[in-house]
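This report refers to the structure that appears directly beneath it.
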Amino acid sequence: MDSAVNPPASGSAIIRINNLHKWFGRLHVLRGINLEVAPGEKICVVGPSGSGKSTLLRCLNFLEEPSDGTVFLDGRPMGFMTEPGGRRRRDSETNINRMRARVGMVFQSFNLWTHMTVFRNVVEAPIYVRGLPREKAHALAEALLRRVGLADKMHAYPSQLSGGQQQRVAIARALAMEPEIMLFDEPTSALDPELVGEVLEVMRGLARDGMTMLVVTHEMGFAADVADRIIFMDQGVIVEESAPETFFERPKSERAAQFLAKFSSRAPA
Amino acid sequence: MKFDITVITSNWPLLARGLGVTISFCSVSSVLGLCLGLVVALARLSRSAWLRGPAVGFVEIIRDTPFLVQTFVIFFVLPAFGVGISATTAGIIALTLYGGAYFSESIRGAILSVPRGQIDAARAAGMSHALAMRRIVFPQMMAYLIPPLTNQLIGLIKDSSVLSIITVPELTMATQTVLGTTFAPVEAFSAAALLYWALTACLAALMGRLEHHTPTQRAARQTAAFLAAADW
């Protein structure tokens, strides 16, 4: 099934990343990333810590401003506009916010708004960002919370929930914006082992429904099952881009093989 | 010596009026000062150096000079440049600038205490900077803001006694008037101290109630109740 490895034709890509660089001061975190993602595609990004995976994800919705290179969302450059002279400058905040609203994000540390109930967390952005009427937002929130199995926790505060429950609410909150793409930044890394499964189960459901997903993860079993493509990053570059069978059975690069060896006890059968 | 309570009772209307003036001056200046403090705090957190510079300068100037000197500068120096100014206006301006500088630092600290991830989540959901501030940061910062703000409001009330120097008829000035007719400093200043204490104690109690009702505290209470009732 190596066809999945071939990047989709430019015309059909929902995300196109073009020579992306990111510096933090003198630290060169992303060193020229190129990637295309087709609508509905599930991509898992794996690699050692410090390889730039999270930064890559945060550049995709402009939580980090790329130092160089461009992310195209549906063919439109994200966060920058080119002046007639050819110089690029930051796009207006309104345009950036509008594009961000099309990309959902789930964080390692959940980041549920602590002063709001679960229900308020989910209806907040639909009401105040999308401008949905209250009744519609409420119905949407109820449906989404039911979907992640937490309808009974609607009026609890985040601090009353387990980590796994919080992360499922965070997924519902992101879905409430009806995004075209979902970004997951190590969604299970902060969870107790016995709570990982419930979150991955919600994510599998989302994948089955055809959502475009980019998942930074250390859950190799999940990556092997769900991903159409595995991106292996190290030191700010994409070292290997393979179908999961290829990546886990016979990785093309030495570094990926070394990385996978550390997971041998958890690798998929 | 004998403590003559009639010094206080017979001059009660004068003292009460002084207390009233102190309350009005402090209320007006606190509200104006909080608005000023919010603007200065946001300017200081801004990405633009053109906003940050003046904000830092303002805080430094106010914080590093005595309030008494600031009051004199506003009351005596402005008229020298042809700006006529009443004691009332000068007093309000002086207290507002003074309060605003200190409030701004507390507000800045409270904003910075809101965890970064809370704002990331707001921005990722498409919220503008202003909306994220209003819906996420401000409600959460209240819990961090109220304790230092209580200190500073109490400080403002006590320091407002300085305004007696420029003839604002507030509590300290009223006390001195009583002193001028009765020559009874022990009674007069005891009464003043007691009234200042009563005022600041009421304020502290009020701020305590306010803290109780912040969204953060409400969430914490419900969580505590939930944990207490949980069936382990």
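Side-chain atoms are counted along with the backbone in the values below, which use heavy atoms only and exclude waters and symmetry mates. All figures in this text were calculated on a predicted structure; none of them were measured in a lab. Just so it is clear: chains get the letters A, B, ... in the order the sequence lines come, proteins before strands, and each one is counted from 1.
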- Where does Ala122(B) contact chain A at under 4.5 Å (heavy atoms): side chain, backbone, both or neither? both
- Roughly how far apart are Arg134(B) CZ and Tyr128(A) OH, rounded to 0.5 Å? 7.0 Å
Against chain B, label [X] side chain, backbone, both or neither, depending on which of its atoms sit under 4.5 Å from a heavy atom there.
X         : result
Ala170(A) : neither
Ser109(A) : neither
Leu183(A) : neither
Arg102(A) : neither
Arg130(A) : neither

- Message: Counting heavy-atom pairs closer than 4.5 Å to chain B, which one of Asn111(A), Thr117(A), Ile96(A) comes out on top?
- Response: Asn111(A)
- Output the option from Met99(A), Glu93(A), Arg100(A) having the highest count of non-hydrogen pairs under 4.5 Å with chain B. Arg100(A)
For residues [X] and [Y], report the shortest heavy-atom separation together with the two atoms involved.
X         : Y         : value
Ala219(B) : Tyr157(A) : CB-CD2, 3.4 Å
Gln118(B) : Thr114(A) : OE1-N, 3.4 Å
Pro139(B) : His115(A) : CB-CD2, 3.4 Å
Asp120(B) : Leu63(A)  : O-CD2, 3.9 Å
His155(A) : Gln222(B) : O-NE2, 3.2 Å

- chain A interface, residue from Ile119(B), Val114(B), Leu131(B), Thr216(B) that has the most non-hydrogen pairs under 4.5 Å: Leu131(B)
- Output the option from Gly117(B), Pro115(B), Ala143(B), Pro215(B) having the highest count of non-hydrogen pairs under 4.5 Å with chain A. Gly117(B)
- Message: Atom CH2 of residue position Trp197(B) - does it have more than 12 heavy atoms of other residues, nucleotides or ligands inside 6.0 Å?
- Response: no
- Task: Determine which pairs satisfy salt bridge (Lys or Arg N to Asp or Glu O under 4.0 Å) with at least one residue from residues 51-72 of chain B, sequence neighbours left out, and list them in order.
- Result: Glu60(B)-Arg63(B), Arg63(B)-Glu105(B)
- Task: Measure the shortest side-chain to side-chain distance between Arg135(B) and Arg120(A) over non-hydrogen atoms and say whether it is less than 4.5 angstrom.
- Result: yes
- Query: Should Met116(A) and Ile136(B) count as side-chain neighbours, where that means a heavy-atom distance under 4.5 Å?
  - Reply: yes
- Out of His129(B), Met127(B), Arg123(B), which one pairs with Asn97(A) under the side-chain contact (heavy atoms from CB on, under 4.5 Å) rule? Arg123(B)
